[in-house]
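Reviewing the structure listed below.
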2 protein chains.
Amino acid sequence: MGRNKEINQVVKEERRERILLGALELFALNGLAGTKIGDIAKHTEMSNGLVYHYFSSKEEIFVELIRTALDKMIEACRFLEKMDLPPHTKIRFAIDELVKTIRTKPETSLYHLLITQAAASVSVPAGAKEQLSTKRSIPYDIIAEILLSGQKLGTIRKGKPEDLAFFFWNNINGIAMHQVMYGRKASCPHLEPLYCMFFTQENENG
Amino acid sequence: MGRNKEINQVVKEERRERILLGALELFALNGLAGTKIGDIAKHTEMSNGLVYHYFSSKEEIFVELIRTALDKMIEACRFLEKMDLPPHTKIRFAIDELVKTIRTKPETSLYHLLITQAAASVSVPAGAKEQLSTKRSIPYDIIAEILLSGQKLGTIRKGKPEDLAFFFWNNINGIAMHQVMYGRKASCPHLEPLYCMFFTQENENG
DNA sequence: GTCTATATCCAGATAGAC
DNA sequence: GTCTATCTGGATATAGAC
């Protein structure tokens, strides 16, 4: 009894996840307005109505995805922040790790794409706007902070840390987009040029 | 008579331009599906019906904008290609000039955004797909070619030219997006980190 | 929980007056 | 050329059978 309820709960959770994952692919590629509920239903092999059994509206799905995307990114950044490594190693690690995740876990690229898109768009649901305005800057701030420490040690190039952080995320997003567009077909670009952006010379070849 | 016809022709052309410019802003920010004909009409202070007097469909407007965007970009690249400058100077010039245009002519950023968005999207009209598939790679190829010449002269960092060209455009697009999002409020990021991506050391400080 | 059928609404596009 | 009114289709969301 209580038993069955638990199991049902799990099944229900699973279905939700399926819908979210399917919707993520579609939203990331076609945007909120460009994705019909019917598309999501078809893509997850459910009926139209069933989607509405799990979510009360298309926007709700979208907002939940935005929330998840932002939370995952922030979590990764906080983890990075706490690592016991010199700043320039943290940055290198962050680049390598982000790119590895992008290449191996497809939904990662989609999350990046989704956030980038949503952040640039005006006609985004209020709930998503709220998430974005409170959380979007955090990864930028954390990277900027690490870069600043590195600059003090002379291992990171000079320049406004916020500017460098901007380039950092910009390139990560671009790589994610590249991955989504060309997938396994084209190989991921080599990352040396990216390192060069951030590391001072002595450090660069190390 | 022939006189009046000419004048009318000019007025008509002007209206078309107004619609295109207004639509560009909306498409770039909200995508094709996220932009209603009514939005375009309101934004250009025309009636719904009048928009249809100049264009036969929403998609037609979109495709024309994509075409224009690609053609402008290609034209600028060809101009760059033909300049009588050493490769690394061409690259520096290209970055400076692109960023200057992005900062001073607002529609430029919107064009960049529009193309990036459309290229990533699946649900784009056939006409736009066609434009993209025949033209999108040209700016990448031209920049890669210039970078390759520079590599032969030792003024451009080594690495696959296509990869470097990818980063080149990726950062330009990111700056365009930044400009659209924060406009005049936030100042444009400093470009030194970008130069570092492409130039060899001796050259970098020159 | 899951489906089909449907009510409702909204947006693309057209018709026709001025 | 420009507008308003309207047709029409399609998409969101709901109702109700199973």
Side-chain angles (χ1 to χ4, degrees), chain A residues 1-20 22-23 25-27 29-65 121-128, chain B residues 1-20 22-23 25-27 29-65 121-128:
Chain A
M1 255 178 209
R3 188 90 195 183
N4 266 336
K5 266 191 184 166
E6 276 172 37
I7 291 175
N8 279 343
Q9 198 52 36
V10 171
V11 171
K12 185 161 176 170
E13 204 39 53
E14 248 173 30
R15 280 260 197 277
R16 274 180 63 94
E17 288 305 320
R18 274 240 322 271
I19 295 172
L20 285 168
E25 293 184 35
L26 295 167
F27 285 148
L29 290 175
N30 301 325
L32 176 60
T35 304
K36 317 298 162 210
I37 283 281
D39 299 338
I40 299 176
K42 212 170 293 171
H43 199 256
T44 58
E45 289 164 317
M46 297 183 190
S47 69
N48 253 13
L50 191 50
V51 174
Y52 281 101
H53 182 72
Y54 289 97
F55 295 91
S56 71
S57 73
K58 192 172 75 162
E59 299 202 341
E60 192 188 301
I61 304 178
F62 186 82
V63 175
E64 176 140 349
L65 282 170
S121 177
V122 182
S123 61
V124 114
Chain B
M1 246 156 223
R3 188 87 195 186
N4 266 336
K5 267 190 184 166
E6 275 171 39
I7 291 175
N8 279 343
Q9 196 54 35
V10 170
V11 171
K12 185 161 177 171
E13 202 41 51
E14 247 172 31
R15 281 260 198 274
R16 273 180 64 94
E17 288 304 320
R18 273 237 325 270
I19 295 172
L20 285 167
E25 292 184 35
L26 296 167
F27 284 147
L29 290 175
N30 300 324
L32 175 61
T35 304
K36 318 296 163 214
I37 283 282
D39 299 337
I40 299 175
K42 213 171 291 171
H43 199 257
T44 57
E45 289 164 316
M46 298 183 190
S47 69
N48 253 14
L50 190 51
V51 174
Y52 281 101
H53 181 73
Y54 289 97
F55 294 91
S56 69
S57 75
K58 193 171 76 160
E59 299 202 342
E60 191 188 303
I61 304 178
F62 187 81
V63 175
E64 175 140 350
L65 282 170
S121 175
V122 182
S123 62
V124 113

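Below, chain A is the first sequence line, B the second, and so on; all start at residue 1.
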What are the bounds, 5' to 3', of the part of DNA chain D that sits under 4.0 Å from heavy atoms of chain A?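 First-to-last contact on DNA chain D, by the 4.0 Å heavy-atom rule, is dA11(D) to dT14(D).
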
Mind checking the [atom1]-[atom2] spacing from [X] to [Y]? Nearest 0.5 Å is all I need.
X	Y	atom1	atom2	value
I40(B)	M46(B)	CD1	CE	10.5 Å
D39(B)	L29(B)	CG	CG	11.5 Å
F55(B)	L50(B)	CZ	CG	11.0 Å

May I ask you to list the residues of residues 42-51 of chain B, by number, that have any heavy atom positioned under 4.0 Å from an atom of DNA chain D?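 Result for residues 42-51 of chain B: S47(B), G49(B), L50(B), sorted by number.
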
Applying side-chain hydrogen bond (donor to acceptor under 3.5 Å, both in side chains) as the test, list every pair that has at least one member in residues 45-57 of chain B; sequence neighbours left out.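 Listed by first then second residue: S56(B)-E60(B).
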
So what does F55(A) hit on the nucleic acid, given a heavy-atom distance under 4.0 Å: a base, only sugar-phosphate, or nothing?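 No contact at all - F55(A) keeps every heavy atom at 4.0 Å or more from the nucleic acid.
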
Grab the [atom1]-[atom2] distance between [X] and [N] for me, whole Å please.
X	N	atom1	atom2	result
L32(B)	dA11(C)	CG	P	14 Å
Y52(A)	dA5(C)	OH	C1'	15 Å
K58(B)	dG12(C)	NZ	P	5 Å

Taking the side chain as every heavy atom from C-beta outward, state whether F62(B) and T35(B) have any pair of such atoms under 4.5 Å apart.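 SC-SC contact between F62(B) and T35(B) ruled out.
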
Hey, is the main chain of [Y] close enough, under 3.5 Å, to the side chain of [X] for a donor-acceptor pair?
X	Y	answer
T44(B)	G22(B)	no
K58(A)	L32(A)	yes
S123(B)	N30(A)	no

